[in-house]
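Working notes, structure below.
Bear in mind that the values here come from a model prediction, so they are computed numbers and not experimental data. Order of listing sets the numbers, starting from 1, for every ligand and every atom in it. Because only heavy atoms are used, hydrogens play no part in the values below, and waters and symmetry mates are left out as well, while side chains stay in.
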Amino acid sequence: MSRILKHVGIIMDGNGRWAQVRGLPRYEGHRRGVEKVKEIISAALRLKINVITFYAFSIENWQRPKKEVDIIMELLQNHLKREINNFISQGIRFKMIGNRSLIPDNILFVIEEAEKATANCKQLLAQFAISYSGRDEIIRAVKKALQQHIEPEKFNEDTMNSFLDTAEIPEPDLIIRTSGEQRLSNFLIWQSAYSEFYFTQTLWPDFTDDEFTEAILDFQKRQRRFGKVSEFART
Ligand code: IPE
Ligand code: IPE
Ligand code: MG
């Protein structure tokens, strides 16, 4: 556990399949999935990770049947209301990344109240990507830059970073995706340029603190080169 790991992203996938194999409605998988978030936040606190980002709902997910979308939004809202005091007492700062204009007002209200209530918490930043897609985030960032009439010569990676929802936040060192799919599905596409990936067949409702720890240990063994030659390489 020696190597510094500042930011872990998690693509929580497989809730629907978890329910389907048990003959349960998909929302049962989402319900169990939300419960898992708590366990992994505790693990992140224990492992002294600075930032954890959960991919909870993509912009593309708005195209799912209305009933499923409504249930997911309801679950997210209830989870936040229920967890807010735990967040405060454990020093967890809650922050949403994603497109706020697409979120119903009553849900956005709960999200923003939670952000305000935990704004000064310092132990862990728990980001939730809700109504999020990486391309949408990039387009919104470019629009903000254009509105500020930034001169093209002055526009660089730092400028771009400053307009993203993740401004000021370190890039994800590690991205975990459950359920066997090996793709980003529009998650942190700009920020993941040099992230390490950990894919597991485990469906999100079955994911555990132990497997999370295993993923972190696996990350510790990797050699990151960022395009340079390894410090141990021979010339
Ligand atoms: C992930 O589980 C949760 C969301 C995308 C909201 P899925 O609902 O995608 O589950 P599968 O992939 O259909 O099993
Ligand atoms: C990605 O999962 C989004 C979240 C986990 C919130 P999806 O299930 O929506 O992704 P695809 O459709 O398999 O790429
Ligand atoms: Mg899925």
Side-chain angles (χ1 to χ4, degrees), residues 7-41 43-44 51-80 82-83 94-104 107-108 110-111 114 126-140 164-166 172 174-192 195-208 211-212 215:
H7 181 181
V8 181
I10 306 190
I11 303 174
M12 309 184 282
D13 197 14
N15 293 348
R17 278 164 282 170
W18 183 93
Q20 268 157 1
V21 295
R22 287 166 178 76
L24 299 169
R26 288 178 62 84
Y27 69 77
E28 269 304 318
H30 296 313
R31 203 173 59 76
R32 297 292 283 257
V34 170
E35 294 305 318
K36 277 287 153 180
V37 171
K38 200 175 163 159
E39 179 179 341
I40 301 309
I41 285 185
V51 185
I52 186 157
T53 303
F54 295 99
Y55 200 7
F57 193 83
S58 71
I59 288 197
E60 291 77 14
N61 290 152
W62 288 116
Q63 295 165 53
R64 292 191 180 192
K66 184 176 180 310
K67 206 175 146 208
E68 180 171 347
V69 169
D70 287 349
I71 289 174
I72 294 171
M73 288 297 139
E74 184 77 27
L75 286 167
L76 282 172
Q77 187 184 6
N78 290 342
H79 177 75
L80 269 184
R82 211 170 343 109
E83 287 303 311
F94 166 85
K95 185 173 167 258
M96 179 206 133
I97 58 168
N99 191 321
R100 293 177 192 239
S101 71
L102 302 173
I103 300 180
I107 290 156
L108 191 59
V110 176
I111 289 173
Q127 298 195 111
F128 284 70
I130 303 170
S131 187
Y132 176 89
S133 103
R135 288 186 184 169
D136 174 78
E137 182 191 27
I138 290 168
I139 288 172
R140 285 186 290 105
L164 292 169
D165 296 352
T166 53
L174 174 68
I175 293 180
I176 298 171
R177 183 169 186 152
T178 56
S179 91
E181 311 301 349
Q182 302 192 4
R183 52 178 174 262
L184 277 174
S185 303
N186 231 336
F187 183 55
L188 299 177
I189 54 174
W190 166 276
Q191 299 87 338
S192 61
S195 301
E196 296 292 326
F197 291 91
Y198 183 91
F199 297 110
T200 169
Q201 293 293 330
T202 307
L203 302 173
W204 174 251
D206 288 331
F207 195 68
T208 57
E211 195 170 1
F212 181 70

Looking only at protein heavy atoms, which one is nearest to atom 8 (O) of ligand 1, and how far off is it?
Arg64 NH1, 2.7 Å
Testing the 3.5 Å rule here: is there a donor-acceptor pair between the side chains of Ser185 and Arg177?
yes
Where do Ile11 and Leu184 land on the side-chain contact (heavy atoms from CB on, under 4.5 Å) test, with the steps shown first?
CA-CA 8 Å; Ile11 303 174; Leu184 277 174; 4.2 Å; yes
Check Phe57 against ligand 2 and report side chain, backbone, both or neither, counting heavy atoms closer than 4.0 Å.
backbone
Within reach of ligand 1, part of Arg26 (heavy-atom separation under 4.0 Å):
side chain
Partner of Asp165 by salt bridge (charged side-chain N to carboxylate O under 4.0 Å, His left out), out of Arg100, Lys95, Arg140:
Arg140
Under-4.0 Å heavy-atom contact between protein and atom 12 (O) of ligand 2
no
Can Glu181 be said to touch ligand 2, with heavy atoms closer than 4.0 Å?
no
Look at atom CZ of Phe128 and say whether more than 12 heavy atoms of other residues, nucleotides or ligands are closer to it than 6.0 Å.
yes
For residues Tyr132 and Glu137, is any side-chain donor paired with an opposing acceptor at under 3.5 Å?
yes
the protein heavy atom lying closest to atom 2 (O) of ligand 1 turns out to be Asn15 N, 3.2 Å
Proximity flag Arg177 to ligand 2, non-hydrogen atoms under 4.0 Å
yes
Looking only at protein heavy atoms, which one is nearest to atom 10 (O) of ligand 1, and what is the separation?
Gly16 N, 2.9 Å
Flag side-chain contact, heavy atom, 4.5 Å: Leu174 against Ser195
no
Which atoms from ligand 1 have a heavy atom of His30 less than 4.0 Å away?
3 (C), 8 (O)
Would you mind telling me if ligand 1 is within reach of the side chain of Asn61, the backbone, both or neither, using heavy atoms under 4.0 Å?
side chain
Nitrogen or oxygen of Ala56 less than 3.5 angstrom from that of ligand 1:
no
Quick one: does ligand 2 sit under 4.0 Å from the side chain of Arg17, the backbone, both or neither, non-hydrogen atoms only?
neither
The atoms of ligand 2 lying under 4.0 Å from a heavy atom of Ile11, numbered in the order shown, are 5 (C)
Those atoms of ligand 1 less than 4.0 Å from some heavy atom in Ile72
6 (C)
Within-4.5 Å side-chain heavy-atom neighbours: Leu76 and Ile107
no
Given the ring of Trp18, does Arg22 sit roughly above its face, with NZ or CZ under 6.0 Å from the centre of the six-membered ring and within 45° of the axis?
yes
Residue from Phe57, Phe197, Phe54, Tyr55 passing ring pair (Phe, Tyr, Trp, His ring centres under 6.0 Å) with Phe187
Tyr55
Tell me whether ligand 1 is touched by Ser179 - counting only heavy atoms on the residue side and a distance under 4.0 Å.
no
Considering distance alone, does some N or O of Arg183 sit under 3.5 Å from an N or O of ligand 2?
yes
Answer whether the closest heavy-atom distance between the side chains of Ile59 and Asn61 falls below 4.5 Å.
no
Counting backbone and side chain alike, does Asp13 bring an N/O/S atom below 2.8 Å of the Mg ion (ligand 3)?
yes
Can you tell me which residue and heavy atom of the protein come closest to atom 14 (O) of ligand 2, and the distance to 0.1 Å?
Ser185 OG, 2.6 Å
Check: Gln201/Ser179 side-chain N/O donor and acceptor closer than 3.5 Å:
no
shortest atom 1 (C) of ligand 1-to-protein heavy-atom contact is with Met12 O, 3.0 Å
Within-4.5 Å side-chain heavy-atom neighbours: Phe212 and Ile52:
yes
Does any N/O atom on Tyr55 come nearer than 3.5 Å to any N/O atom on ligand 2?
no
